[in-house]
Protein chains: 2
Amino acid sequence: MANTKTEGGEILSRLKSGGYRLTKIRKSLVQFILNKKGHWTIQDLVNDAKHLIPKLGVATLYRTVSLLHKENLLTETRLGGASARYEVSTQEHHDHLTCVSCGEIFEFENDRIEELQRQIAKKLGFKLIDHRMELFGECQRKPCKFKSKR
Amino acid sequence: MANTKTEGGEILSRLKSGGYRLTKIRKSLVQFILNKKGHWTIQDLVNDAKHLIPKLGVATLYRTVSLLHKENLLTETRLGGASARYEVSTQEHHDHLTCVSCGEIFEFENDRIEELQRQIAKKLGFKLIDHRMELFGECQRKPCKFKSKR
DNA sequence: ATACGTGCAAACATTTTGCAGCTCG
DNA sequence: CGAGCTGCAAAATGTTTGCACGTAT
């Protein structure tokens, strides 16, 4: 797929017409963030973006992420006392499997479940539009990347 | 229904055989918490439990809630907001089907889906602990009671 | 020019932890 | 008695905010 890395040009224009100023920092940050894969925390961003913009402050990261979240370009997930995790919003649907120990989030998709969901909705007289499913469990990886709370 | 308020006797014995000590504070706290309705925060608890146990410290609340959560007697939720919310776990699991037009919520349960969820978790190396599933659709009733909010 | 963006540090909010004393078993 | 529970305060996290200065428009 040629589209893995987006230039973000259209998104930048969209932000601009939304009344946001396009500073150098914001431009490279938005582009950087929207090209990130998986579920990351602000802390991840702090580490990764240091190379990009040496004197970047955390506040800017929080503010930028918040901005993108407000614009529905990022999806937020939270669990336990851990920090919020974000992922770039996608059209393609998927569900989440979250480790309650380490906070890691895995994605999955299962057609049979989706089919059953449609059946259930139908039986209850609904036309299914969307759904959200989140599983919680404990991953077997030792050690878990983060501290266990047990 | 005669069972709205539980004495918590069996739960206390269960905690006891689980190796926990039944101090006065813990007993009244557990009983108090498990009779709470709806989704509350620790902060709510701080306010409410002051009447119950005047010199109660926050740490004890956190520790007790954590204990009950570990014992699967409380379910934790964290939706975007700052602090975690808890609710008393119900044995009867159910999922939600929400009408995006009228806001009505239907509950359902489907064993096949639950089974598939377990399979998915297993395949991904997880021990499944809990899940949350919400379907969104349009019910056929016309007119719908509320405006669309989604 | 000026309103908005940024870095820095301080403030905040929530949750965890260390420790001395208390209590259950 | 002794391990576990408690309150208190301090600390650890994660996030927000005030302010002086910088930059896009």
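On a predicted model such as this, the values are computed, not experimentally measured, just so you know. By convention in this document, chain letters (A, B, ...) are assigned in the order of the sequence lines, proteins followed by strands, and residues within each chain are numbered from 1.
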A.B. asks: Is any side-chain N of the basic residue among A/Lys36 and A/Asp48 closer than 4.0 Å to the acidic one's carboxylate O?
C.D. replies: yes
A.B. asks: Between the side chains of B/Arg132 and B/Glu134, is the shortest nitrogen-to-carboxylate-oxygen separation below 4.0 Å, so that they form an ion pair?
C.D. replies: no
A.B. asks: Please check the phosphate of C/dT15 (OP1 and OP2 only) for any side-chain N or O of B/Tyr62 closer than 4.0 Å.
C.D. replies: yes
A.B. asks: Atom CD of B/Glu76 to atom P of C/dT14: distance rounded to whole Å?
C.D. replies: 14 Å
A.B. asks: Just the rounded figure in Å: distance from C1' of C/dC8 to NZ of A/Lys50.
C.D. replies: 14 Å
A.B. asks: Need one value for A/Lys16: base, sugar-phosphate or nothing, where a base atom within 4.0 Å counts as base even if backbone is also close, heavy atoms only.
C.D. replies: sugar-phosphate
A.B. asks: Looking only at heavy atoms, which two atoms of A/Tyr86 and A/Glu76 are closest? And how far apart?
C.D. replies: OH-OE2, 3.0 Å
A.B. asks: What's the CG-C1' distance between B/Asn47 and C/dA13, to the nearest Å?
C.D. replies: 15 Å
A.B. asks: Among C/dC4, C/dG7, D/dC5, which is the nearest nucleotide to the side chain of A/Arg21?
C.D. replies: C/dC4
A.B. asks: If I take atom CG in residue B/Leu15 and atom P in nucleotide D/dG4, what distance separates them, rounded to the nearest angstrom?
C.D. replies: 16 Å
A.B. asks: Judged by each residue's nearest nucleotide on DNA chain C, which is more toward the 5′ side, B/Lys24 or B/Val58?
C.D. replies: B/Val58
A.B. asks: With a 4.0 Å cutoff (strictly under), does any side-chain N or O of A/Thr23 reach OP1 or OP2 of D/dA24?
C.D. replies: no
A.B. asks: For the pair made of NZ in A/Lys55 and P in C/dG5, what is the distance, rounded to whole Å?
C.D. replies: 20 Å
A.B. asks: Closer than 4.0 Å, any side-chain N/O of B/Arg26 to the OP1 or OP2 of D/dT6?
C.D. replies: yes
A.B. asks: Using whole Å, report how far CD of B/Gln43 lies from P of C/dA13.
C.D. replies: 10 Å
A.B. asks: For the side chain of B/Leu22, counting heavy atoms from C-beta on, which of D/dT17, C/dG25, D/dT6 is nearest?
C.D. replies: C/dG25
A.B. asks: Mind checking the CD-CZ spacing from A/Glu138 to B/Phe126? Nearest 0.5 Å is all I need.
C.D. replies: 9.5 Å
A.B. asks: Send over the distance from B/His69 NE2 to C/dT15 P, rounded to a whole Å.
C.D. replies: 13 Å
A.B. asks: Can you find an N or O donor on one side and an acceptor on the other, under 3.5 Å apart, linking the side chain of B/Arg63 with the base of D/dG4?
C.D. replies: no
A.B. asks: Ignoring the backbone of A/Ser83, work out which of D/dG14, D/dC8, C/dT6 is nearest its side chain.
C.D. replies: D/dG14
A.B. asks: To the nearest Å, how far apart are A/Leu61 CG and D/dG14 C1'?
C.D. replies: 13 Å
A.B. asks: So which atom in A/Trp40 and which in A/Glu87 form the shortest heavy-atom distance, rounded to 0.1 Å?
C.D. replies: NE1-CA, 4.4 Å
